[in-house]
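A, B, ... follow the sequence lines: proteins, then strands. Residue 1 opens every chain. Any value given below was found using the heavy atoms of this structure, including those in side chains, with hydrogens, waters and symmetry copies removed. Everything numeric here is computed off the predicted structure, so don't read it as measured data.
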Amino acid sequence: MKIKEDSYMKGFRIVAVIVIVCASLACLFPFLLIISASFTQNESIIREGYKLVPSVFSMEGYRTVFQFPKQVLDAYSVTVFTTIVGTTLGLFLMTMAGYVLQRRDFKYRNIFSFFIYFTTLFGGGLVPWYILITKYLKLTDTLTVLIYPGLMTPFLIILMKNFIRSAVPDEVVESAKIDGANDFTIYSRIVLQLSMPGIATVGLFLALHYWNDWFTSSLFINDTSKYQLQYYLYNVINTMSFIAGMGAGTGISLGQELPTESTKMAMSIIVTGPILLLYPFVQRYFVKGLTIGAVKG
Amino acid sequence: MLKRNGLLKEFKTNWLLFLMLLPTLLFFLLNSYTPMVGIYYAFTRFDFNTSLFNSQFVGLENFKFLWKSGVLLRLTFNTVGYNIVFIVLGNVLAIALAILLSELRLQWFKKLTQSILFLPYFVSFVILSVIVYNVFNYESGFLNSTLKQLGAEPVDVYNTPWVWIFLIIIFYLWKNVGYSMVIYLASITGISDEYYEAAKIDGANILQRIWYITIPMLKTTFVMLLLFALGSIMKGQFDLFYQLIGNNGMLYNTTDILDTYVYRSLKVTFDIGMSTAAGLYQSLFGFVLIMTVNYIIRRINDEYALF
Amino acid sequence: MRKAAKAVALLLSIILIVSSLAACSTKNEGNKGTGATAKPTDAPKATDAPNGEEPKTGIDTSKRVELQFYMLGNAPKDIDFIQSEINKMALEDLNATVKFNYTTWTDWDQKYKLLLGSGQQVDLIFTAEWTQYQSYAKRGAFLPIDDLLPVAAPVLNDFVPADMWEAVKIDGKIYTVPATYKEYVTDGFVWREDLRKKYDLPTPVDIPTFEQYLEGIKKNEPDMVPLSMNSDMKTNLSDRLRGISHDPIGAVGYGLGIRYESPTDVYPYWGSEEHLNDLVTLKRWQDNNYMVKNVLSVKDTLQDQITSGKAAALLGDNPTRYNDMVIKIQAAHPDWELGYHPFPMTNGIATPVHPIHNGFAIPASSNNAERALAFYEKMVTDKRYNLLTQYGVEGKNYEVKDGYYTMIGDSNSNGFPREAMNGWAWRNPEYMLFDKNYDGVKKIFDELDKIQVPDKFTGFAEDYSGYQAERAALEQVEKQYLYPLTAGLVKDVEKGLKEFMDKAKAAGLEKIQQEYTKQWLQYVQEQGIK
């Protein structure tokens, strides 16, 4: 299927490439600084600041992180587990919800959409939710508490609903119904396949949310072997800022060595690394939806 | 009565749909609606030894600190102002980048740049603030070192309030455009090729194709993103502001938002009532705004409205 | 619009139903809350343990409980092992096990609030004046343990001297068990001694000589920043300056000033001639480039700047941290030297740490108050518990050489460095082991002992519920208007000060100061402070 190219295309493409390259460089630059800093000796960072090329090369940051590999590995396994389980379960529930909500023949879809959306406007705040989880649901120190609150957000549900609506033409659904399929079959056979880009996007965001979550660990996990990766990183960084913030009056001298700048940077790379690989993986699904059968109007 | 009958009838015909929706509804009922009773905290004096409903009722007392320092108006203006710029610029840039990317043919280049553009989302603001400091600080920052080498005068970025309006916007865009871009890319992928082919046959050039096909198809996504952003318009981008500005009081006039103000004020007290009151103010503001905008959108086109 | 109205109506009814359900259950919780305070009076009745067990501690140990123990900071790597060892003993002694929980330093103050405010099961929690012990105690977050002590922890009761129990009383009741280890966290000048000698600069003993030292550094070491400072203007700059210049009785808040010698004379420091002079000094420091221009955005620790060689002097730090810096420098830069001059040597006010400084309390929500207190008694007074939780396992984590604590391996390979459980509160001076490096600090403490005077201020518990709103508003004004002034970044100091005072007054400064002064004077009178 040869498509005739017009003269505008070339100019357009050149402009596109230039813009994209510039944007990419801007995005890459700080990242390079972090990578460079993770390989720099700590003292020279404090003295001279960050540079694109380490002024004094050193692996001390990474060495400190891996001194006690058990903690890092624990955090990795916890995070990988919660990300996989949470994303799968969340996707399953959200795609169903999104599908139901976009069905034009579902009379109460607007009320339910509002019901879901309302939760983003109002909330009781941190304390009542904290009490709910610790006192009534008794989820402290469990893996469940790391998975359950993040399963779905109104944003992703509505996003899903929009993707499904634009990807699944009504005619396809109708013809399937005529063939005698019930709603669930339609959902699993047709909707899921047609909405691949949408599912990939929502899945990506959900996975990111789980991977980056540190807040639930901070509030509800006391068992150090159940910390999530980002929380582990935050602790390292925050121990530093705590010491910087508290005046001498607290008289605290910590028994451990304080983490250094280079350690912080090394940790950032270790924590972020794997998830960067997820996006290229997901890109595969950003393909045009397959139209099953020809339903030409 | 009418509602009850309608609901039952609907349930009977579409019971499977209800079932599919049920887990989601239960989730929100439990996770979001049950804690909502906590809003009552905003109106009570917090006490460790009594439960919420036995606490002393103090009316609007907890809201006082919001206006006592005289900055509420400015905070509201800053918060809303920044958010509007974020929304408009963010979406325009995201759409532009998504469109540009979707037109590229070289697969490896396309994939590589997509990933790179998405990278900043992973850089936490904590780390970003350190990098920013390293670039802009007066004595030894990257910017000033370069300026000095070129023989120019060093600039004091950290003590110049108006510059930060632009810097904050730039850093917000840097971090978040990748995220929105992915959403728009996925939407563009969903647009059927047939439309474009038909247009090309009719002689439309690339710009016309974008203007008449792509952009209208992205409208639903844009409106959805817009409405969500508006609902949180009074809530911050807390991390962004807190990490980049921190304790630098010289910059507060132009960069302080409600979230950072509340956070700082309430750091020194453990009164749950006051923090809930602040949250309530933010919610009410967003609620009124959303209801108005959604109503307007519904009048224009029923499909686009959120509910 | 009708549809939306329906939706809202439906929502409101849902909220109403849910909240009334929640109300029913929380009402029960409310009764529990008041029940907890009644507990101490129940305890004396249970001196005869049922089941014919030997009443070891005078409390009922028939039911096995798990105690939730909360401490700030990070847990040491070997915590699980230590916990199981402790539990072996605790099960035998008290029919109880304990779970050691650590809040980490991430959002620790928010977690502290949640732990106490949510009514969660917490049996023991750390307290200090910097965790706002006084305010929490006044608001009823902790259980009063006056009556519990003789019954559940008689040994502990005797171990802590009576004047310390007195000192931690808030409104006449004891809410925390203080640590008995005496130390000083007074401030002192820190500077690079090797540079001082090299350029023949004066020894800093007060502000003028300190300034001369800074000037000398600036002239001779252009790449170094003379003064190590960060964005915490109040604590690190303003309070320290006042500490050496104005003989304060303590860290008095809200811009009030009280001199050590005259507790009843409360004067407004903010906006005064004294304040103006200080600000002029600080502006001079900024204009002379002793501090970095962007000091308000610096997040590095003060100590890091010294040990990395970026800065040459520190306005004020305590002896222990000074010693830590010395040790750190010895390893990396043996040719550097640090000098220390404690403020008390200049102004004569050497106050040892107030008993409130490190303590452990029992939150009001605890169901196991007696057992918790008895367990804490073991932690402090029983040598096995104490050494295990302060230093780890002898032979594995540490050794005792010549009476000194010696760490096995280094801080990266050892799973329990010295005091890694952050056991500052349950230190027992009789069992304490010190690192040889600590001798430097001990020397300073000995010097300070010679001139020590009592801490008249830390025992004061402020009840700010009457001016909460103003207090929160004042925070904002301080950060926006006072911090830049303190950092010397405002060109016209007088005008800037006036602007700050105006805004502060608009936020309610005078109301706060009046209330606070009233409470303080009442406290002084009740305690008979001279």
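Interface residue Leu93(A): backbone and side-chain heavy atoms are both found under 4.5 Å from chain B. There is no contact between Leu25(A) and chain B, counting heavy-atom distances below 4.5 Å. Of the atoms belonging to Leu173(B), not a single heavy atom falls under 4.5 Å from chain A. Only the side chain of Ile272(B) comes within less than 4.5 Å of a heavy atom of chain A; its backbone N, CA, C and O stay farther away. Within the 4.5 angstrom heavy-atom criterion, only side-chain atoms of Phe31(A), from C-beta onward, approach chain B. Neither the backbone nor the side chain of Leu126(A) comes within less than 4.5 Å of any heavy atom of chain B. At a 4.5 Å heavy-atom cutoff, Leu19(B) makes no contact with chain A through either its backbone or its side chain. With a threshold of 4.5 angstrom between heavy atoms, Met265(A) approaches chain B through side-chain atoms but not through N, CA, C or O. Residue Thr153(A) touches chain B through its backbone alone, counting heavy-atom pairs closer than 4.5 Å. Both the backbone and the side chain of Tyr148(A) come within contact range of chain B, judged by heavy atoms closer than 4.5 Å. Of the two parts of Phe184(A), the backbone and the side chain both hold a non-hydrogen atom closer than 4.5 Å to a non-hydrogen atom of chain B.
Contact count against chain A (heavy-atom pairs under 4.5 Å) is highest for Ser115(B) among Ser145(B), Ser32(B), Ser115(B). Counting heavy-atom pairs closer than 4.5 Å to chain A, the top residue among Leu25(B), Thr276(B), Val132(B) is Leu25(B). Of the listed residues (Gly123(A), Pro154(A), Gly198(A), Ala23(A)), the greatest number of heavy-atom pairs within a distance under 4.5 Å of chain B belongs to Pro154(A). Between chain B and the options Leu101(A), Leu159(A), Val19(A), Leu137(A), the largest number of non-hydrogen pairs under 4.5 Å is found for Leu159(A). Ranked by heavy-atom pairs shorter than 4.5 Å toward chain A, the options Leu207(B), Leu100(B), Ile201(B), Asn137(B) are led by Leu100(B). Of the listed residues (Asn182(A), Val127(A), Leu132(A), Val15(A)), the greatest number of heavy-atom pairs within a distance under 4.5 Å of chain B belongs to Val127(A). Ranked by non-hydrogen atom pairs under 4.5 Å with chain A, the options Thr221(B), Leu101(B), Leu128(B), Ile99(B) are led by Leu101(B). Contacts with chain A were tallied for Leu280(B), Leu97(B), Ile183(B), Leu284(B); Ile183(B) has the most, counting heavy-atom pairs under 4.5 Å. Of the residues considered (Leu30(B), Leu93(B), Val177(B)), Leu30(B) shows the highest number of contacts with chain A, using heavy-atom pairs under 4.5 Å.
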Show the numbers, then the answer: is there a side chain to side chain contact (heavy atoms under 4.5 Å, CB included) between Thr34(B) and Trp129(A)?
CA-CA 8 Å; Thr34(B) 324; Trp129(A) 183 63; over 6 Å; no
Could you walk me through whether Leu16(B) and Tyr187(A) pass the side chain to side chain contact (heavy atoms under 4.5 Å, CB included) check?
CA-CA 11 Å; Leu16(B) 191 52; Tyr187(A) 159 75; over 6 Å; no
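Atoms CD1 and CG, on Ile116(A) and Leu29(B) in that order, are 11.5 Å from each other to the nearest 0.5 Å. Of the inter-residue distances, the one linking Leu104(B) atom CG with Ile20(A) atom CD1 reads 5.5 Å to the nearest 0.5 angstrom. Taking CZ from Phe112(A) and CG from Leu17(B), the interatomic distance works out to 11.0 Å, rounded to the nearest 0.5 Å.
Checked against a 6.0 Å centroid threshold, the rings of Phe28(B) and Phe118(A) do not count as neighbours. In this structure, Phe106(A) has its ring center under 6.0 Å from that of Phe18(B).
Residues Phe27(B) and Pro149(A) come closest through the heavy atom pair CZ-O, 3.5 Å. For the pair Thr24(B) and Ala97(A), the tightest heavy-atom approach, listed with the atom from each and the gap, is OG1-CB, 3.4 Å. The nearest pair of heavy atoms linking Ser187(B) to Phe163(A) is OG-CE2, 3.6 Å. Scanning all heavy atoms of the two residues, the minimum distance from Ile116(B) to Ser24(A) falls at CG2-O, 3.4 Å. Between Trp174(B) and Cys27(A), the closest heavy-atom pair is NE1-CA, 3.4 Å. The shortest non-hydrogen separation linking Arg13(A) to Glu103(B) is NE-O, 3.1 Å.
By the 4.5 Å heavy-atom criterion applied to side chains, Leu121(A) and Met291(B) are not counted as neighbours.
Under the rule for a side-chain contact (heavy atoms from CB on, under 4.5 Å), the partners of Asp213(A) that lie at least two apart in sequence or sit in another chain are Phe215(A), Thr216(A), Gln228(A).
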